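What follows is one structure encoded as structure tokens, with my remarks underneath.
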Amino acid sequence: MMIQRVRGTRDFTPQDMSRRRQLEDLLRRISRDYGYREIQTPVLENAELFVTKSGPGVLNEMYSFEDKGGRAIALRPELTAPIIRFYVNDLTNLPMPLKLFCISSCFRYEEPQSGRYREFYQYDVEIIGSEKAEADAELLLLADDLCRRLGLNEVEFRIGHVGIIRGLLDAAGMPQDRQSELLRLVDKKKLDEARAYMLSEGVSEADAGDILATCQKKGDREVLKGLKGEASEYLERVIRLAEKGGASNLSLDLGVVRGLDYYTGLVFEIDAPELGAEKQICGGGSYALAELFGGQPVQSTGMAFGFDRLILAMEKTGQLAPEEGIELFILAVTPAQSEEMVRLAGGARKAGISTEFDLMGRSMSKSLKYASSRGARYALILGEREMAAGKVLLRDMDNGEQSEIGIGSVVDELRQRLAVR
RNA sequence: GCCGGGGUGGGGUAGCGGCAUCCUGUGGGACUGUGGAUCCCUAGACCCGGGUUCAACUCCCGGUCCCGGCCCCA
């Protein structure tokens, strides 16, 4: 009986990994360009960490279990909570701002569908320690830059601020502790229910109408005109800074809010419309989680990209290069040349030339075919006749041209030819 | 958790109550060491479990997995 892969998980072929590595390389490069440093946390965490952050409901959507010591353990469903836990545990003495990123797998017990798996990968970026608009703006700059480098020209940013609606609710007389429920309804676009809820909480008909109208405002900075209060001023400033920094895709959507209490300010999402139902590639915002995990209060802002969805989007836009082949394949025409084959491979590898030699003892035709399938740039053919004269045949696999070269000059010749390309 | 559509060699397919087709890929061989070609050979499959039937890959039921959508999305 064949053993099946666990539902919602994937194996990655060499070709898959070549593509995923390309994206990882790009993410690491852009992170470095912006001064973020990579960290890694365990796949396993105490389930309590996520329950504390997101409520007991998440237990239903997590892989959680009791270990042999009776501890409640979970496979991490996201990266923000572990990173902040790490910070609270060990990193509080590092100079602020602490700019960190992480590319890792996460797990959620949900129904798999397009762009959605039970094991999935996230690229998470966090700035810990700043409460300034500059921090939020930098995050948007990085996100915008990343989308551009990925060739995602259709992306839609939806940027909001939880303080805008909360401010209006304060003014309308709704107590703070009743507001989260309303934000949840707005987040889910259940505006009728939101209206009913506001009225039941004593908000006037007129105020409720204003608030719902505000929730539906979308567009450029113009939508902030006429809004008063710190939140809209702050948001305006973030957008202005990000645009000065070169961001060009930004747009506002004041209906983007979060019902969870630790969100403190900016909140945003990014969609890649070409992906269909599961089109959101990024979610982010500023939050105060450290004190929730038992640390000193610290303001943070961060975002998480869905790695797998970025790959999907890049596939749709044709951004991924084909897998790279090797540079050299060496074959011995008869076993008598095997030792020389291995010796030459060693020299080439030492010189940084990616090299394979024949491991199968196959005929020349089969070996050349294999070399071709491996994308080899050159083949080195070790034949009795040439070897007797101290030479070998170097075959250019792109055009089939061959030339005899001295055994001693193989590495130099290859270095020269490969450098020209 | 719910609703569609699907599971035939590794990949792609044909068939559809009785013989499972082809392509490709894999391994081997031939072709005097120019043959990444061509030719030949070998291996390799009806998702699982029940039911109907003389007979099930085919029809029915259940499960499972995949694809897509809903819910959810920290």
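Since the model is a prediction, treat every value here as computed from it, not as a measurement. Heavy atoms only: backbone and side chains are in, while hydrogens, waters and symmetry mates are out.
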Need one value for Tyr263(A): base, sugar-phosphate or nothing, where a base atom within 4.0 Å counts as base even if backbone is also close, heavy atoms only.
sugar-phosphate
Does Leu393(A) reach a base, just sugar-phosphate, or nothing at all? Heavy atoms under 4.0 Å.
base
When you get a sec, tell me which of U34(B), C71(B), U26(B) is the closest nucleotide to the side chain of Lys369(A)?
U26(B)
Here the distance between atom P of G36(B) and atom OH of Tyr378(A), to the nearest Å, is 18 Å
Separation between the C1' atoms of G25(B) and A43(B), rounded to whole Å
13 Å
Using atom C1' in both nucleotides, what's the gap between A14(B) and C23(B) to the nearest angstrom?
11 Å
If the P atom of G6(B) is compared with that of G50(B), how far apart are they to the nearest Å?
24 Å
Measure from the side-chain heavy atoms of Lys53(A) and tell me the nearest of G33(B), G36(B), A74(B).
A74(B)
Indicate yes or no for a side-chain donor-acceptor contact from Arg309(A) to the backbone of Ile281(A) under 3.5 Å, with no hydrogens or angles considered.
no
By nearest atom, which of the nucleotides G68(B), A74(B), C72(B) is closest to the Ser114(A) side chain?
G68(B)
Mind checking if Phe329(A) touches a base, just sugar-phosphate, or nothing, with heavy atoms under 4.0 Å?
nothing
In whole Å, what separates the C1' atom of A37(B) from that of G4(B)?
48 Å
Just compare G36(B), G1(B), A74(B) and give me whichever is closest to any side-chain atom of Glu111(A).
G1(B)
Base, sugar-phosphate, or nothing for Asn60(A), non-hydrogen atoms under 4.0 angstrom?
nothing
With the side chain of Arg258(A) defined as its heavy atoms from C-beta on, choose the nearest nucleotide among C71(B), A74(B), G29(B).
A74(B)
Answer with base, sugar-phosphate or nothing: what part of the nucleic acid does Glu61(A) contact at a heavy-atom distance below 4.0 Å?
base
Pair partner, U38(B) [Watson-Crick or wobble, under 3.5 Å]:
A30(B)
Pairwise P distance for C48(B) and U64(B), with rounding to whole Å:
16 Å
Would you mind reading off the distance between Tyr117(A) atom OH and C73(B) atom C1', rounded to a whole angstrom?
16 Å
How is Gly55(A) classified with respect to the nucleic acid when contacts are heavy atoms under 4.0 Å: base, sugar-phosphate, or nothing?
nothing
Quantified in whole Å, what is the P atom distance between nucleotide U42(B) and nucleotide G11(B)?
23 Å
Give the nucleotide from the list C72(B), G27(B), U34(B) with an atom nearest to the side chain of Lys188(A).
C72(B)
Pair Gln40(A), Ser104(A): side-chain N/O donor-acceptor within cut-off below 3.5 Å
yes
Any salt bridge linking Glu134(A) with Arg237(A)? Criterion: basic side-chain nitrogen under 4.0 Å from a carboxylate oxygen.
yes
For Glu404(A), is the CD atom crowded, meaning more than 12 foreign heavy atoms sit under 6.0 Å from it?
yes
Starting at the 5' end of RNA chain B and moving along, which residue's nearest nucleotide shows up first, Glu401(A) or Val6(A)?
Glu401(A)
Find the distance Tyr370(A):OH to U34(B):C1' and express it as a whole number of Å.
21 Å
Just call it for Gly375(A): base, sugar-phosphate, or nothing, with non-hydrogen atoms closer than 4.0 Å on any strand.
nothing
Both Gly115(A) and Glu384(A) contact RNA chain B. Taking the nearest nucleotide for each, which residue is further toward the 5' end?
Glu384(A)
Hey, does the side-chain of Ser372(A) have a donor or acceptor N/O within less than 3.5 Å of a partner on the base of G36(B)?
yes
Provide, to the nearest angstrom, the distance between the CZ atom belonging to Arg374(A) and the P atom belonging to G25(B).
17 Å
Under 3.5 Å donor-acceptor pair, Lys366(A) side-chain atoms to G35(B) base atoms
no
What's the CE-P distance between Met364(A) and G36(B), to the nearest Å?
8 Å
U64(B) base / Arg7(A) side chain donor-acceptor hit below 3.5 Å:
no
Whole angstroms only, please: what is the CG-C1' distance between Leu331(A) and G35(B)?
13 Å
Ignoring the backbone of Glu78(A), work out which of C2(B), C73(B), A74(B) is nearest its side chain.
A74(B)
So Ala371(A), base contact, sugar-phosphate only, or nothing? Heavy-atom distance under 4.0 Å.
nothing
Say you pick atom C1' in U58(B) and the same atom in C67(B); how far apart are they, in whole Å?
23 Å
Using the P atom as the point on both nucleotides, what is the distance between C31(B) and G10(B), in whole Å?
32 Å
What is the distance, rounded to the nearest whole Å, between atom CD of Glu119(A) and atom P of C66(B)?
13 Å
Heavy-atom donor-acceptor pair, Gln337(A) side chain to Thr334(A) backbone, under 3.5 Å
yes
Between Arg377(A) and Asp396(A), does at least one N-O distance fall below 4.0 Å, as a salt bridge requires?
yes
As a test of reading the structure: which of G33(B), C72(B), U34(B) is closest to the side chain of Gln402(A), going by heavy atoms?
U34(B)
Mark yes or no for a side-chain to base donor-acceptor pair under 3.5 Å between Arg362(A) and G28(B), with no hydrogen or angle criteria applied.
no
With a 3.5 Å cut-off and heavy atoms only, can you find an N or O donor on one side and an acceptor on the other between the side chain of Arg10(A) and the base of C66(B)?
no
What does Glu386(A) touch in the nucleic acid at a heavy-atom separation under 4.0 angstrom: a base, only the sugar-phosphate, or nothing?
base
Complementary nucleotide of G68(B), counting Watson-Crick and G-U pairs under 3.5 Å
C3(B)
Is it the case that more than 12 heavy atoms not belonging to Glu291(A) sit under 6.0 Å from its CD atom?
yes
Rounded off to whole Å, could you give me the CD-to-P distance for the Glu110(A) and G69(B) pair?
14 Å
Does the Ser365(A) side chain pair with the main chain of Ser363(A), one donor and one acceptor, at a distance under 3.5 Å?
no
Which of G27(B), G69(B), C72(B) is nearest the side chain of Met360(A)? It is G27(B)
Does one side chain, of Glu119(A) or Tyr63(A), offer a donor that lies under 3.5 Å from an acceptor on the other?
no
